[in-house]
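Everything on this sheet refers to the single structure shown next.
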Protein chains: 2
Amino acid sequence: MKTYTVDNCPIQPVVDIISGKWTSLVLWEISQKHNHYGELKRQLGGISTRTLAARLKMLEKQGIVSRNVFPTTPPTVEYVLTKKGLDLAPILYAMRDWSEKYDNTNL
Amino acid sequence: MKTYTVDNCPIQPVVDIISGKWTSLVLWEISQKHNHYGELKRQLGGISTRTLAARLKMLEKQGIVSRNVFPTTPPTVEYVLTKKGLDLAPILYAMRDWSEKYDNTNL
DNA sequence: CCGGATCCCAGCGGATACTG
DNA sequence: CAGTATCCGCTGGGATCCGG
């Protein structure tokens with residue numbers, strides 16, 4: 001029998017992506033077409049700039065979102081899901097459905 | 001527009017369940033019919049008893065697994081997925097599929 | 001407007017030893 | 001065999017201030 005470790009778990013890549021605090025929420029908001037940095041900041045009441053920036057950078061590095069800068073004044077930055085990110089969305093919806101179904105119950 | 005916070009994120013319940021270190025792996029092994037404590041310990045090379053016990057207790061508390069004790073000598077304990085846990089399994093498989101598809105690529 | 005840099009602290013989890 | 005108890009190092013992330 002194959003033994004798994006934390007580093008080759010077949011689902012670990014997804015777990016790593018969504019695990020950090022606020023990460024799933026950031027991803028959710030972007031998937032709901034809240035694409036601008038400021039908009040995200042407003043939607044996510046209480047997130048620190050440090051964390052939001054870290055999450056966006058991580059998601060970009062993972063190829064889940066792409067970062068587009070508009071050289072307006074003042075500057076605007078938008079984040080949109082890539083193909084890879086769009087493919088992840090159904091999983092997020094499945095997670096939401098499961099969460100709603102079993103909300104507060106242990107049955 | 002509805003503003004989400006970390007505590008009412010629609011997918012947070014699932015995120016909370018699988019986020020902890022080793023958690024996804026423990027869940028995976030149980031879903032692969034490795035149901036005994038000792039078997040899990042062996043399959044998960046390197047996990048500490050502290051963490052394994054904590055994960056199993058948490059999953060039981062969440063209603064994802066049920067704990068069955070066999071009063072043999074020496075005692076045997078098995079953990080099996082509940083209905084709630086079985087409903088979670090498809091999500092784990094979807095996560096695995098996504099992980100395999102995008103393994104190491106950022107496309 | 002969009003972040004980067006720094007400081008700081010709670011809590012997660014590893015190692016180890018012990019119980020029923 | 002199947003855990004619990006204790007100690008402790010390390011990292012994640014909040015608050016705050018600064019720069020382009």
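Every chain is numbered from 1 and lettered A, B, ... according to where its sequence line falls, protein lines coming before strand lines.
The CZ atom of A:R96 lies 11.0 Å from the CD1 atom of B:I91; values are rounded to the nearest 0.5 Å.
Of the candidate nucleotides D:dA2, C:dG3, D:dG20, D:dA2 has the atom nearest to the side chain of B:V77.
Aromatic ring pairs are classed by plane angle as parallel below 30°, tilted from 30° to 60° and perpendicular above 60°; the pair B:W28 and B:Y93 is perpendicular.
Within the 4.0 angstrom heavy-atom criterion, only backbone atoms of the sugar-phosphate kind lie near A:T51; the bases stay farther away. Across all strands shown, A:K41 has no heavy atoms under 4.0 Å from either base or sugar-phosphate atoms. A:T73 comes within contact range of no nucleotide atom at all, as no heavy-atom separation falls under 4.0 Å. At the heavy-atom level, B:F70 lies nowhere under 4.0 Å from the strands shown.
In this structure, B:R67 atom CZ and D:dC1 atom C1' are separated by 12 Å, rounded to whole Å. A straight line from CG of A:L52 to P of C:dG3 spans 8 Å, rounded to a whole angstrom. The CD-P distance, from A:E78 to C:dC1, rounds to 17 Å in whole Å. In this entry the distance linking NZ of A:K57 with P of C:dC2 reads 16 Å, nearest Å. For A:K21 and C:dC12, the NZ to C1' distance is 14 Å, given to the nearest whole Å. With rounding to whole Å, A:N68 atom CG is found 11 Å from C:dG3 atom P. Atom pair A:I47:CD1 and C:dC2:P shows a separation of 14 Å (rounding to whole Å applied). One can place NE2 of A:H36 at 17 Å from C1' of C:dG3, the figure rounded to the nearest angstrom.
Contact check on B:D87 versus B:K83 returns a salt bridge, with a Lys/Arg side-chain nitrogen under 4.0 Å from an Asp/Glu carboxylate oxygen.
Side-chain N/O atoms of B:Q12 and A:S99 include no donor and acceptor closer than 3.5 Å.
Put simply, the side chain of B:V77 does not reach to within 4.5 Å of the side chain of B:N68, judged on heavy atoms.
Heavy-atom nearest nucleotides on DNA chain C were determined for A:P74 and for B:R55, and the one closer to the 5' end corresponds to A:P74. Between B:R50 and B:T76, the residue anchored nearer the 5' end of DNA chain D, judged by the nucleotide with its closest heavy atom, is B:T76. When the nearest nucleotides of DNA chain D are assigned to A:G20 and B:Y79 by heavy-atom distance, the more 5′-ward of the two goes with B:Y79.
Contact annotation: A:W22 side-chain N/O to D:dG14 OP1/OP2 distance is under 4.0 Å.
Under 3.5 Å, the side chain of B:T49 and the base of D:dT4 form at least one donor-acceptor pair of N or O atoms.
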